[in-house]
Enquirer: 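This is the structure I have questions about; it appears just below.
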2 protein chains.
Amino acid sequence: MIHSMSTDLIQRLRLAGYKITPPRLAVLEVIQREGEHLNPQEILEQAQMIHAQTGRATVYRTLELLTQLGIVRPIYVGDNGPTYIRADGAHHHLVCSRCGRIVEFDACDADSMGCELETRFGFRITSHLLEFYGICPQCQATDASCSAETMADLPD
Amino acid sequence: MIHSMSTDLIQRLRLAGYKITPPRLAVLEVIQREGEHLNPQEILEQAQMIHAQTGRATVYRTLELLTQLGIVRPIYVGDNGPTYIRADGAHHHLVCSRCGRIVEFDACDADSMGCELETRFGFRITSHLLEFYGICPQCQATDASCSAETMADLPD
DNA sequence: CTCTTTAATGAGAATTATTCTCATTTGCTC
DNA sequence: GAGCAAATGAGAATAATTCTCATTAAAGAG
């Protein structure tokens, strides 16, 4: 099997006592490559391009395993099901409660807080998620007036 | 129907053009009362104590509605399904990737960031969620050594 | 207070997502 | 390369959520 993947991650799997198998490599590869917001179905499809026989159950099992190992983690955005992302790195979202619109931002003070929390609770912190919830400008405009747009939001 | 609930919320429903019905009042009451981390099944059960005929589909429909209105929002903790909380107020978690342990903390710099983001993106922000992911002290201890505890985490 | 309109409801069917089962395969160690 | 247990794939089973539709009832008009 050809794989151009971080030997480091493979080592982590091996050291934790797990076998290095084609489906696991495929899932790992997919998540490393895309990095963002793939749901189990999409991960299955992409993994099958790498290792055609990959089964759905194995994808779920692998995602659970990689989550346990702190390599990936599920993230819930809007009202979709879970998607998986690399467990390192931070995520910052503004989420509109009304329409579900998501805006990303960077710049975040959380890292310094993270350090403090590491000391305080003894966690070894690898990443964070900071989400603000509210109403986006567009939806505010809609709410404010009693125009046709407003009507569109009322029950049919 | 007897309900000792925030007239304010009822007004918001009414103003948005929705009818005030017993199941909606029941769900609203349950979420107001408990406030935290109830899943749809639990909300159904508790709502039925208030209004016995409440149906499951209606609970889902009401949760969707209340989410749209920014009154509640779903939150995903660990690998359980969604639970619903009041949309106001902040939530701060330390989540262990390995064992799923959750520690709550308060004190959070996010509010000032929230103000800045309101200006920058025009959102009207009502709450936030800040989660740090990492490995809890217990799991670190397990990882570090090659003791019996470590064995327990390896594949059977 | 009664009537009318139409949103909302409950029951259960249908769908979708996830987990489980088990016979078979395959990494890994020696 | 032989042995062993972990890992796998297929599909069954389960759980969670959404949809359908006939019926009910909330809200406004008169």
Side-chain angles (χ1 to χ4, degrees), chain A residues 1 3 10-28 38-45 47-69 72 74-84 151-156, chain B residues 1 3 10-28 38-45 47-69 72 74-84 151-156:
Chain A
M1 150 131 303
H3 53 82
I10 295 178
Q11 274 309 311
R12 279 174 71 183
L13 270 188
R14 203 192 304 278
L15 283 176
Y18 297 102
K19 293 179 180 174
I20 307 306
T21 67
R24 282 176 178 169
L25 288 173
V27 170
L28 214 37
L38 294 171
N39 64 35
Q41 173 65 33
E42 293 162 340
I43 293 170
L44 172 65
E45 286 163 11
Q48 287 180 332
M49 291 178 187
I50 299 171
H51 178 69
Q53 308 95 300
T54 306
R56 185 180 304 276
T58 298
V59 167
Y60 279 98
R61 286 185 284 230
T62 302
L63 289 172
E64 187 187 347
L65 172 62
L66 296 178
T67 299
Q68 280 260 328
L69 291 175
V72 306
I75 188 171
Y76 295 83
V77 180
D79 53 0
N80 312 114
T83 58
Y84 287 81
M151 292 300 119
D153 278 333
L154 292 179
D156 302 325
Chain B
M1 153 132 302
H3 53 82
I10 296 178
Q11 274 309 311
R12 280 174 71 183
L13 267 187
R14 202 190 305 278
L15 285 176
Y18 296 102
K19 293 180 179 171
I20 309 305
T21 66
R24 282 176 178 169
L25 288 173
V27 170
L28 216 35
L38 294 173
N39 63 35
Q41 171 65 33
E42 292 162 341
I43 293 170
L44 172 65
E45 286 163 10
Q48 287 180 334
M49 292 179 186
I50 298 171
H51 177 70
Q53 307 96 300
T54 307
R56 186 182 303 277
T58 297
V59 168
Y60 279 98
R61 286 185 285 232
T62 302
L63 289 173
E64 187 186 348
L65 172 63
L66 297 179
T67 299
Q68 281 260 328
L69 292 175
V72 305
I75 188 172
Y76 295 81
V77 180
D79 53 359
N80 312 115
T83 58
Y84 286 81
M151 293 300 121
D153 279 331
L154 293 179
D156 300 325

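Residue numbers begin at 1 in each chain, while the letters A, B, ... track the order of the sequences.
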Enquirer: With a 4.5 Å heavy-atom cut-off, do B:N39 and B:N80 have their side chains touching?
Expert: no
Enquirer: Output the rounded distance in Å from OH (B:Y76) to P (D:dT17).
Expert: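 So the two atoms are 8 Å apart, to the nearest Å.
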Enquirer: Does A:E64 have more than 12 heavy atoms from other residues, nucleotides or ligands lying within 6.0 Å of its CD?
Expert: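 No - once you tally the heavy atoms of other residues, nucleotides and ligands closer than 6.0 Å, there are 12 at most.
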Enquirer: Measure the distance from CG on A:L63 to P on D:dA7 and round it to the nearest whole Å.
Expert: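 Atom CG in A:L63 sits about 15 Å away from atom P in D:dA7.
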Enquirer: State the CD1-CG distance between B:I75 and B:L38, to the nearest 0.5 angstrom.
Expert: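 Atom-to-atom, B:I75:CD1 and B:L38:CG are 12.0 Å apart.
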Enquirer: Compare all side-chain heavy atoms of A:T83 with those of A:I43 and state whether any distance is below 4.5 angstrom.
Expert: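 Answer no - side chains too far apart.
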Enquirer: Would you kindly give the CD-to-P distance between B:E64 and D:dA16, to the nearest whole Å?
Expert: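 Distance, rounded to whole Å: 19 Å.
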Enquirer: Say you draw a straight line from CD of A:E45 to CZ of A:R56; how long is it, rounded to the nearest 0.5 Å?
Expert: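 If I round to the nearest 0.5 Å, the distance is 8.0 Å.
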Enquirer: Spell out protein contact along nucleotides 24-30 of chain C as letters: B when the base is contacted, S when just the sugar-phosphate is, - when no protein heavy atom is under 4.0 Å; keep the 5' to 3' order.
Expert: ---BS--
Enquirer: Hey, what do you get for CD1 (A:I10) to CG (A:L28), rounding to the nearest 0.5 Å?
Expert: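 That separation rounds to 7.0 Å.
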Enquirer: Distances for protein N/O vs nucleotides 15-18 of chain C N/O pairs under 3.5 angstrom?
Expert:
from   : atom 1 : to    : atom 2 : distance (Å)
C:dT18 : OP2    : A:Y60 : OH     : 2.4
C:dT18 : O5'    : A:Y60 : OH     : 3.4

Enquirer: So, taking the atom named CG in A:L13 and the one named CD1 in A:I20, what distance separates them when rounded to the nearest 0.5 Å?
Expert: 4.5 Å
Enquirer: How close or far is atom C1' of C:dA8 from atom CG of B:L65, stated in whole angstroms?
Expert: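 Those two atoms, CG and C1', are 11 Å apart.
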Enquirer: Any side-chain N or O of B:R61 under 4.0 Å from OP1/OP2 of D:dT18?
Expert: no
Enquirer: I'd like to know if the side chain of B:T54 and the backbone of B:Q48 have a donor-acceptor N/O pair within less than 3.5 Å.
Expert: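 No: the side chain of B:T54 does not pair with the backbone of B:Q48.
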Enquirer: Name the closest nucleotide to the B:T54 side chain, picking from C:dG10, D:dC19, C:dA8.
Expert: C:dG10
Enquirer: When the distance from CG of A:L25 to C1' of D:dA7 is rounded to whole Å, what number comes out?
Expert: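 About 13 Å, once rounded to whole Å.
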Enquirer: Could you tell me the separation between the CD atom of B:E42 and the P atom of D:dT17, rounded to a whole number of Å?
Expert: 12 Å
Enquirer: With rounding to the nearest 0.5 Å, note down the distance linking OH in B:Y18 to OG1 in B:T62.
Expert: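 Reported value, rounded in 0.5 Å steps: 11.0 Å.
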